[in-house]
4 protein chains.
Amino acid sequence: MQSRTPAPRATGRPRSATADAAILAATREALVELGWSKLTLGDVAARAGVAKTTLYRRWAGKNELVVDAVAELFDELELPDCGTLAADIEGVVLQYAAILARPEAKSGLMSVVAESIHDEALRERIRCSIVERQKRLVLEGRARAEARGELPPESDPGEAARTIDLIFDMVAGTVVHRTLVSAQPADEEWVRGFARVLLLGLTSAGPR
Amino acid sequence: MQSRTPAPRATGRPRSATADAAILAATREALVELGWSKLTLGDVAARAGVAKTTLYRRWAGKNELVVDAVAELFDELELPDCGTLAADIEGVVLQYAAILARPEAKSGLMSVVAESIHDEALRERIRCSIVERQKRLVLEGRARAEARGELPPESDPGEAARTIDLIFDMVAGTVVHRTLVSAQPADEEWVRGFARVLLLGLTSAGPR
Amino acid sequence: MQSRTPAPRATGRPRSATADAAILAATREALVELGWSKLTLGDVAARAGVAKTTLYRRWAGKNELVVDAVAELFDELELPDCGTLAADIEGVVLQYAAILARPEAKSGLMSVVAESIHDEALRERIRCSIVERQKRLVLEGRARAEARGELPPESDPGEAARTIDLIFDMVAGTVVHRTLVSAQPADEEWVRGFARVLLLGLTSAGPR
Amino acid sequence: MQSRTPAPRATGRPRSATADAAILAATREALVELGWSKLTLGDVAARAGVAKTTLYRRWAGKNELVVDAVAELFDELELPDCGTLAADIEGVVLQYAAILARPEAKSGLMSVVAESIHDEALRERIRCSIVERQKRLVLEGRARAEARGELPPESDPGEAARTIDLIFDMVAGTVVHRTLVSAQPADEEWVRGFARVLLLGLTSAGPR
DNA sequence: AAGTAACCGAGACGGTACGTCACGTCTTTCG
DNA sequence: CGAAAGACGTGACGTACCGTCTCGGTTACTT
C-alpha cells in the first residue's frame, strides 16, 4: 500500500486515515457483489460513506484502487514450518488456494492482470504489491529445504532464480487455473496430488 | 463457436456470412490495440464496416463476442506426433505458449475469464468454446503415450480423469502465469525446463 | 384517397385492396392508443397483419399515412337541412365537434397540421384531403341561407370568399380550440351559445 | 415556467443559470429550422453548447422542453388600452397573431398540444404556462369594457366565466386556424373583419 | 396451361436518435 | 483547507425505429 500520497503535506486539514480503510473494504465488498467490470467508483465512494472527490484524491483510477484493495488480502500469507519439503509445498499451495477461493481475490486479481497487459505502470504496481509478496514464500521454502538437506544447494545463482520462477509460476498458475478456469475447488485432496507431482518433478535426478 | 443462432429460420433475409468473420477479426484487432476495457462495440462495428445493431443481433454483449473472437485462435491448435512423450509435451506447451504470446489472446482470454467469475453462462461458454478444445490435446497425448508404452494404462477411469485435469491445469495455468503475470516469454528453453519437471513428476514411480 | 399510386400498371399481380383498408384502420387504432409521436409504422404494419414493405410501397411516410387515415373520418360529414340558418350552423358545428371528439381525429389532425408547417407538400395534401371537404359545408349552408332570404346575396365575389373563409376559420378553429386546448367538451349547450354569437356577428347590419 | 426544480437544495454545485436560457433559445432556434418532429435533444444541447445530460437533468423530455421554450414567447403579451372595446379586441387579436406568425410558436405550440392529447401532465403544464397567461388578457379587456360602460356588468359569475371561455376559444382558435390550417396571414385587414364580427356577436342584444 | 411480372411475408441491413450511466473534473457550502 | 454534495462535459451503452434490401413464395394477368 505504501504511500499513494506523493508528498506528505504539513499544512491544512490532514486526510482522514479511516477513510482509506473504509474505501478499500468497500472496494472488496463491491468486487464480491458486482465483479470488476460493474464496479463503479461512485458506488465504492457511496459504500464507504465518502465523497467521490476524496477517492480520486487518493487513487488515480479503478485499476490502482483494486490493486491496493486486493494486495491487502495477501498480507496474511505466511509459510508455516511443517517439517518437510513436501508438507511445506502443500502448505503454501493451500494458503494460496484459500486466498483465491475468496471471490474478491478472483475478480480483482484476474481483472487487473488483464488490464496490466496494456499498462506497464499497472503491471509494475501489481508486481510490487502482490507478486513479490508471494514469491517470498517460495524463497523461504527453498532455503528451509536446503537447510534440512532435502534439496542440494544450488551453486549457480542464475539457475536458482530460474527454478524459483518456474516453481512460482507452476504453483500460482496451476492453482489459479484450477480455481478460475476449470472452476473446481482446490481442496486438500487435489492439493496433495498436485504437490506430489511437483515434488517429484523437482527432486528426481535427471539429465538436463 | 458453433451456432450462436438459436434456430436457423427459413424465412426472411439470411444473415450475412461475411459480416461474422469481419466482426470477429475486427474484435481481435481492437483487442490488440485497446485491450478489453477500452474496447467498445461501436468501435468494433465501425472497424468491421457493420452497423452496431448487426453486432447486437448476433452477440449478447462484449463478453460473448470476445469469447468467440478468441476461441477462433485456438482452432489452429494441433498435436504433432513428435515420437516421444517428452517431445509431445514440449510441443503442446510450445503451441499453447505461441497462442498466448499474441496480445489479442492475452487481453481477451484473461478478461473474459475474470468476467466469468460472476457469470455462469459465460463460464460455460468459455469452457465449451475454448477449454475443451485444448483439453482434447492432453487426451490425445496421453493415449499416444500409452500406445507407445511410455505410460502404464490407467485402469481406474476416475483417477485417469483427475490426472488429465491436473495435467491440463498445470500446463495451461503455468504457461498463462509465466506469460501474463510474470510477463516473461515462454520460449523454447523455458519450455524445455518446464516440460522436464512435468514429465518427471508424472512418470516417477512413487507411493500415492 | 385519390391515387397514391403514381401509375396504375396493367400487368402483374394487383395490390391487395383489403390491405389498404386494414392499414388505415390500424393507423387510426394506433393513433388512439399511442398518439402520433409514439405511433410507428412497424407497429401499424403488425396490427394490419401486413409486412412493413407493403406499407412503404403505398405511402411515403408516417405523415402521409396519417393524413389519409384521418381524412376518411371526414367522409361522413354532411349538412342536414334544418330549415333555418341558425339551425344549420348549429348542425354543422355539432358534426364537426363530433368528429373532433374522437381521439384519432384529435391526435392525427393536430400532429399532421403541426408537421405541415415545415412541409409544403404535406400542407397541400391536408388541404385537399381534409380542409376543402369541410369548407364545402360552409358554402352549401350559405347558398341555402341566401335561397331562404336569410342572408342578402353577396354581389362582390371576393368579399364572399373572404367571408366564407372567415366563417370557416371561426367555426373550425373555435371548435378545435375548445376541444383540444381548453379540453372542454363541445356539447349541445356550448354549441348553441357559440352559434348564437356567430350568427349575430354575421347578420347584424353594421358599417364595414 | 416557474421552477422546474422540485426543491432548491442548499448544498453542492448550483445549476448554471445561463445554461437554462441558452437551452431555451437553442430550442426555439431548432424549432424554426427543423420543426418539432426533426428536433433532437442532442442537437439542442449542441447548439446551446451544453451536454445532453445537462438538458435531461432539467427537463423530462422533448415536450416539456418545448412547452417552456414556447411559453417564454407569450411573456411579452400585453393589452394596450386603446380606448374602446373594439380597438382593444383588435389589439389583442393582433398581438396573438403576431406571436403565432413566428415559426417557432407555430411548430412548437401545435405539436405540444397534439402530444398533450395523450398526456394529462403535459396538458396541465401547457395550461399553466401558456393558456392562462393569455386568458388574463381577455379578463382585463372585459373589465375595462365594463368600466367604460360598453358592456353591462355580468351578474351571474358562471355565465361570465362561460362567456370569457367562449371569447377566448373564438379568438385564439380562429387566429390559429387562419394562421396554421388555412395558412393565410392574420394581417390588419383580416383582423378588423374578424373583430367586427366578434364584437357584433357579443354586443347585439338577443334572446338567449 | 405455362410464363411471367408484380405482389406478398419475413427479417436482416446500415443508420440515427434515444435516454441512461459512469467517468473524471469543477464549483459550491459547511466544518 | 479538506470533505460532502452535486452539477458539469464527455462518451459508450444497449434499444427502438427508420427506410432499404434481399430472400422464398404466391397470385393473377398474358400468351
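Keep in mind that what you see is a predicted model, and the values were worked out from it rather than measured. A, B, ... follow the sequence lines: proteins, then strands. Residue 1 opens every chain.
- Among the heavy atoms of the strands lying under 4.0 Å from T53(A) is at least one base atom, whether or not backbone atoms are also near.
- Rounded to an integer number of Å, the gap from NZ of K38(C) to P of dA17(E) is 18 Å.
- The CG-P distance, from L34(A) to dC21(E), rounds to 15 Å in whole Å.
- Rounded to whole Å, the distance from OH on Y56(A) to P on dA22(E) is 12 Å.
- At a threshold of 4.5 Å between non-hydrogen side-chain atoms, the residues S111(A) and K106(A) do not count as touching.
- Residues W36(C) and S37(D) are in side-chain contact: their nearest non-hydrogen atoms beyond the backbone lie under 4.5 Å apart.
- When the C1' atom of dA10(E) is taken as reference, atom CG of L55(C) falls 15 Å away, rounded to whole Å.
- Residues A19(B) and A60(D) both approach DNA chain E. Their nearest nucleotides, taken by heavy-atom distance, put A19(B) toward the 5′ side.
- Between T40(A) and L34(A), every side-chain heavy-atom pair lies at or beyond the 4.5 Å cut-off.
- Here the closest non-hydrogen pair linking A30(C) and V44(C) is CB-CG2, 4.3 Å.
- Toward the 5′ end of DNA chain F lies the nearest nucleotide of A51(A), the other residue of the pair K62(B) and A51(A) mapping further downstream.
- Checking the phosphate oxygens (OP1, OP2) of dC13(E), no side-chain nitrogen or oxygen of R13(B) falls inside 4.0 Å.
- Interface residues of residues 39-50 of chain D facing DNA chain E, ordered by number: T40(D), L41(D), G42(D); criterion, heavy-atom separation under 4.0 Å.
- What separates CG of D20(C) from C1' of dC8(E) is a distance of 14 Å, to the nearest Å.
- At a threshold of 4.5 Å between non-hydrogen side-chain atoms, the residues T54(B) and R57(B) count as touching.
- Taking atom CZ on R15(B) and atom P on dG14(E), their separation rounds to 12 Å, with Å as the unit.
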Apply salt bridge (Lys or Arg N to Asp or Glu O under 4.0 Å) to residues E72(A) and R28(A) and explain how you reach the verdict. CA-CA 10 Å; E72(A) 282 195 344; R28(A) 283 188 292 268; 2.9 Å; yes
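- In this structure, the salt bridge (Lys or Arg N to Asp or Glu O under 4.0 Å) partners of R47(D), at least two apart in sequence or on a different chain, are E29(D), E33(D), D43(D).
- Checked by distance alone, K52(A) brings no side-chain donor or acceptor within 3.5 Å of a matching partner on the base of dG6(F).
- When the side-chain nitrogen and oxygen atoms of R57(A) are compared with OP1 and OP2 of dA3(F), one or more of them lie within a distance under 4.0 Å.
- Between R58(B) and dC13(E), a side-chain N or O to OP1/OP2 separation shorter than 4.0 Å is present.
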